[in-house]
Amino acid sequence: MDIPAYSPQELEPAVQKRWQEQQSFRAASVPGKEKFYALAMFPYPSGQLHMGHVRNYSIADAIARYQRMRGKDVLQPMGWDAFGLPAENAALKNGLAPAEWTMDNIAHMRGQLQRLGLSYDWSRELATCTPNYYRWEQWLFLKLWEKGLVYQKLSTVNWDPVDQTVLANEQVVDGCGWRSGAPVERREIVQYFLRITAYAEELLEGLDTLNEGWPEQVLTMQRNWIGRSEGAEIHFPLASGEGVIKVFTTRPDTLMGATYLAVAPEHPLALQAAEQNPDLAEFLERCRHGSVSEASIETQEKEGHPLGLFVKHPLTGAELPVWTANFVLMGYGEGAVMSVPAHDQRDFEFARKYKLPIQIVIAAESAPLEAAAMTEAYTGAGTLLHSGDFNGLDSVQAKTRITEAVAERGLGRKTINYRLRDWGISRQRYWGTPIPMIHCEHCGVVPVPEQDLPVVLPTHYQLKDPRSPLLDDPEFLNVPCPRCGAPARRETDTMDTFVESSWYYARFACPDADTMLDERAAQWLPVDQYVGGVEHAVLHLLYARFFNRLLRDVGLLPADAVHDEPFKQLLTQGMVLKDGSKMSKSKGNTVDPQGLIDRYGADTARLFILFAAPPEQHLEWSDAAVEGAHRFLNRIWRLVHEYGAENLLVPAELSDEAKDLRRAVHQCIERVSRNMEGRYHFNVAIAAIMELSNSLMKVGADAPTDLRAVLGEGLRAMVLMLSPFAPHMTEILWEVLGQKSNIIHTPWPSADPEALKSDTLTLVIQVNGKLRERMDFPVAADNKAIEKAVLASPAMQRHLEGKTVRKVIVVPGRLVNLVLG
RNA sequence: GCCGGGAUGGCGGAACUGGUAGACGCGCCGGACUCAAAAUCCGGUGGUGGUGACAUCGUGUCGGUUCGAGUCCGACUCUCGGUACCA
């Protein structure tokens, strides 16, 4: 027999050319056909495709191809998240302009993606660094400014005193700038913020509608991130002079146990107090060093300093000292906390360190507490004591009563606080979307008029240092004020790149629209299946959910329940690891997918990466296992060619052997189909196909006709089920089997319930929970008959000898457990 | 620090809702084909004891619930992701 060699290097490009010529993956809304929008998170064009990309896109493509075979009208687009820090770093290192570097990378990576044979509608490709894309972001920014959803406020950044630039948290290593090595300082600068907190409640409630389609862990992380907490705002009047310090607490029941207040080092009162207090000034100066990241603040040694200032307790009028502490965050709540050392662990440790009083006001359920003997705070609920009028109340009642008491004095109220903070979108960087604002000496901050959009980012600079070249470019900087016409200065800050990735999924529906979105967005949205890394579980996915609502509220998306959430189903894939850790250039443990594709072809690469682990788990890289995937494809290639286009009709009457094989075929269809939806465990689906191929391979060329006919049925099903994973090879094999339809749109096989039926089944017989025997029973046998047969069977006698049968448990279709004593 | 995951043979992993632990693949061992090798095909493969049918231990650690626990509950260890300016 003459079987052509399996040569993916020739076969795959030929099939890809065919797809391109036939525009096989072009999405055009077909009336009456159910739509399916499959989307993988678009890549940052770093230069080379890495294994994480291959995995991400193989998963999404398998889903897209499966849904196409299910008869859906599938949209699967691809684009580039093209603004960002690495382009500037590369520009500094190689002297290439960020735009040039980015565009070169896109061209290279597009070629790599095409070589993988992913079923994208390339006509919708977009890159976020093109004015055509980011102009709409500027447009939206202006709309939100009008609505008051964008505002300016001071916020703290990492400042590199040597490079004279703002540093990303990632660029701060052990408290020092990564390039200069200089200790990082904190600076407060005016930035633009998006009022995401106005949507906190809606974003939280929306999570309940995602229970079906999103992983529980992502929902939990988002809930915790939003961090809704009910409590009270309490005002502590300053002992001398005017004003109050406002604090938020979730434990108003412990108010009578507050022994001091702590404010953030950036708090105005701390700064004011430091003017007359050199010790304090020195402390605040020390607090001004180190990264602003939450992780570094929370893990640092907790330190504080008294302000020499006192407040009055809102209920007792007692004077409490005010401290400043390095762990109090200016950005959370009011930048001040009331401290109840007896009932809060952090306050307890702080109080012990600085010898501040500890006042017990909640009785623990077990032993009575004693301040001097405590080794940790009692943070549970309980009955109030040492609390005047409130003694004897439980924590729940006390929360209400104390909040009411404070409110009656005009010194507080019940309130809801969120951990979520407004989204600071200003970046003091060059390679990003220019913020469309103008600074005028007379008029202040003035928005760029809509007709002047886009504010185009100049791309001709050679970067010499990390400082944004926009700051030194008079052509960019100098503009007349749109309001008064006087010479004014353009805003040089650009937007956080998360802004671009917060709406691209919608733009893909209408990439050529001459508005931000048109009616096609509503047709395609929501995304039916979104696929991407867990690392985006909170930030990107929360911002995109927020943007979806902004788009709705400016009238670009319909205000109905269907469109509230952008991503109906979410699959968070695990990372690709090598030797137990993330593949990265710095660790030198990367495996270049290009080499893999060159050597084995795209089908092998895709099959391996889906077979090696379920999508949501980490994937440990293995060269050896790739060989295995390739060998499997080779076997399939030969198996199908050996059979060819024989195409016999499966007769109604089958021999037992043929019946068994047919059952195996249809069990496989059932198993694979189940794993193509829901959990998307492609590794199990592929294993089932491998098992089937092992059975099919045992059928010889001289086998009886009925068996050969079932073999043909099995091969056709197998090739169809393999096509979402190995689309190039199966396209050819479908023809080898004599099939005329286009495999891309051929219906997915369905399991025949008749074929699945079996006459007998094997039950496991356990004694005291341990496997002892196996016995076959007719499918129809009832529990009583099974129990009787087991106890009477000769094989069981040695287990029963000298024992009493205490209990017999029959699990239908599974096992029998004899409890003997 | 805080929030969320993960841990099963030599390796990647399987085990639907508490019911046969180790499917499938890799690796390894043995065999067939070959002058030989590669490729391919066939068989074996968790540990310990036994010639053997079999027995016994075994899913990160310790404890619990249950006729029965990889799966449920409690405590812990290690590890990974996020932590708001990496994307």
Side-chain angles (χ1 to χ4, degrees), chain A residues 41 43-44 46 81 83-86 89 157-158 166-172 191 196 215-218 220-225 227 291-300 302 327 331 346 419-429 496-498 501 533-540 542-543 572 574-575 577 580-582 608 611-614 616-629 631-632 634-635 638 671 674 678-679 681 683-684 686-691 694 697 762-766 768-771 774 806-809 811 813-820:
Chain A
M41 291 180 184
Y44 178 79
S46 58
D81 188 14
F83 274 136
L85 203 50
N89 294 334
V157 293
N158 302 307
V166 173
L167 296 176
N169 285 330
E170 193 197 40
Q171 295 174 313
V172 180
Q191 314 230 51
I196 191 172
E216 192 55 46
Q217 50 158 319
V218 176
T220 306
M221 278 192 268
Q222 292 218 352
R223 281 193 189 101
N224 291 340
W225 186 266
S291 158
V292 299
S293 78
E294 193 200 66
S296 64
I297 291 169
E298 289 286 329
T299 51
Q300 74 190 342
K302 314 240 177 317
F327 56 82
R346 193 165 60 184
R419 205 190 75 98
L420 181 70
R421 312 198 290 257
D422 277 337
W423 176 11
I425 57 161
S426 302
R427 296 293 179 273
Q428 295 68 46
R429 300 253 165 69
D496 179 1
T497 56
F498 272 126
S501 55
V534 241
E535 65 272 24
H536 296 294
V538 177
L539 292 181
H540 161 62
L542 188 65
Y543 292 149
T572 50
M575 290 188 315
L577 308 178
S581 60
K582 189 177 179 172
F608 161 71
F611 179 61
E616 74 279 4
Q617 264 179 50
H618 295 324
L619 187 154
E620 179 65 35
W621 181 256
S622 158
D623 289 316
V626 176
E627 289 274 0
R631 274 205 294 262
F632 170 69
N634 256 306
R635 275 202 296 274
R638 284 196 305 272
R671 209 168 148 207
R674 189 156 29 89
R679 292 198 304 164
H681 277 196
N683 57 326
V684 181
I686 293 166
I689 296 172
M690 286 174 168
E691 266 182 278
N694 288 339
M697 240 176 306
T762 308
L763 292 190
V764 158
I765 316 299
Q766 295 182 337
N768 293 332
K770 286 185 183 176
L771 171 70
R774 275 162 229 271
R806 294 189 189 275
K807 206 169 172 185
V808 180
I809 292 149
V811 182
R814 289 222 168 255
L815 55 75
V816 179
N817 188 15
L818 306 179
V819 185
L820 306 181

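We name chains A, B, ... by the order of the sequence lines, and we start the count at 1 in each one.
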For [X], report the nucleic acid contact type (base, sugar-phosphate, nothing); a contact means any heavy atom under 4.0 Å.
X	result
A/Gly533	nothing
A/Val684	sugar-phosphate
A/Asn694	sugar-phosphate
A/Arg631	sugar-phosphate
A/Val626	nothing
A/Leu542	nothing
A/Ser426	base
A/Val166	base

RNA chain B stem ranges, 3 or more consecutive Watson-Crick or G-U pairs under 3.5 angstrom |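 Correct response: B:1-7 with B:77-83, B:10-12 with B:24-26, B:27-32 with B:40-45, B:46-49 with B:54-57, B:60-64 with B:72-76.
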
Want to settle it: does A/Asp81 or A/Glu216 sit nearer the 5' end of RNA chain B, counting the closest nucleotide to each?
-> A/Glu216

The residue, A/Arg638 or A/Ile425, whose nearest nucleotide of RNA chain B is more 5′ is A/Arg638

Go through [options] for me and flag the one nearest to the [X] side chain.
X	options	result
A/Ala295	B/C85, B/G1, B/C86	B/G1
A/Asn224	B/G4, B/G81, B/A87	B/G4
A/Gln428	B/U40, B/C85, B/G81	B/C85
A/Thr220	B/U20, B/A87, B/G4	B/G4
A/Pro614	B/C67, B/C2, B/G13	B/G13
A/Lys807	B/G81, B/C67, B/C86	B/C67
A/Met690	B/G25, B/U83, B/G81	B/G25
A/Leu771	B/A21, B/A14, B/A87	B/A21
A/Ala168	B/A14, B/C85, B/A87	B/C85
A/Phe611	B/A87, B/G25, B/A84	B/G25

Rounded to the nearest Å, what distance is computed from the [atom1] atom of residue [X] to the [atom2] atom of nucleotide [N]?
X	N	atom1	atom2	value
A/His618	B/C78	NE2	C1'	14 Å
A/Glu535	B/G82	CD	P	6 Å
A/Phe327	B/U83	CZ	P	23 Å
A/Glu691	B/A14	CD	P	14 Å
A/Arg419	B/U83	CZ	P	11 Å
A/Leu539	B/C85	CG	P	7 Å
A/His536	B/C80	NE2	P	19 Å
A/Asp422	B/A84	CG	C1'	12 Å

Approximate separation, where rounding is to 0.5 Å, of [X] [atom1] and [Y] [atom2]:
X	Y	atom1	atom2	result
A/Gln222	A/Leu420	CD	CG	10.0 Å
A/Leu539	A/Ser501	CG	OG	10.0 Å
A/Glu216	A/Arg223	CD	CZ	6.0 Å

Is the closest side-chain heavy-atom distance between A/Arg671 and A/Glu691 below 4.5 Å?
-> yes

Does any N or O in the side chain of A/Glu298 come within less than 3.5 Å of the main-chain N or O of A/Phe327, such that one atom is a donor and the other an acceptor?
->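 Pair absent, no side-chain N/O of A/Glu298 close to backbone of A/Phe327.
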
Would you say A/Asp422's side chain and A/Ile196's backbone share a donor-acceptor pair under 3.5 angstrom?
-> yes

Contact under 4.0 Å: A/Asn683 side-chain N or O vs B/A14 OP1/OP2 | yes

Using 4.0 Å as the upper bound for N to carboxylate O, is an ion pair formed by A/Glu616 and A/Arg679?
->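 Salt bridge absent between A/Arg679 and A/Glu616.
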
Any ion pair linking A/Arg419 and A/Glu294 (charged N to carboxylate O, less than 4.0 Å)?
->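 Answer for the salt bridge query: yes.
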
Using the ring of each side chain (for Trp, its six-membered ring), is A/His540 parallel, tilted or perpendicular to A/Phe498, with breaks at 30° and 60°?
->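 Rings of A/His540 and A/Phe498: parallel, as their planes differ by under 30°.
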
For atom P, what is the distance between B/C11 and B/G60, given to the nearest Å?
-> 13 Å

Chi-based syn or anti call at B/G43, which uses purine or pyrimidine torsion atoms and a 90° bound = anti

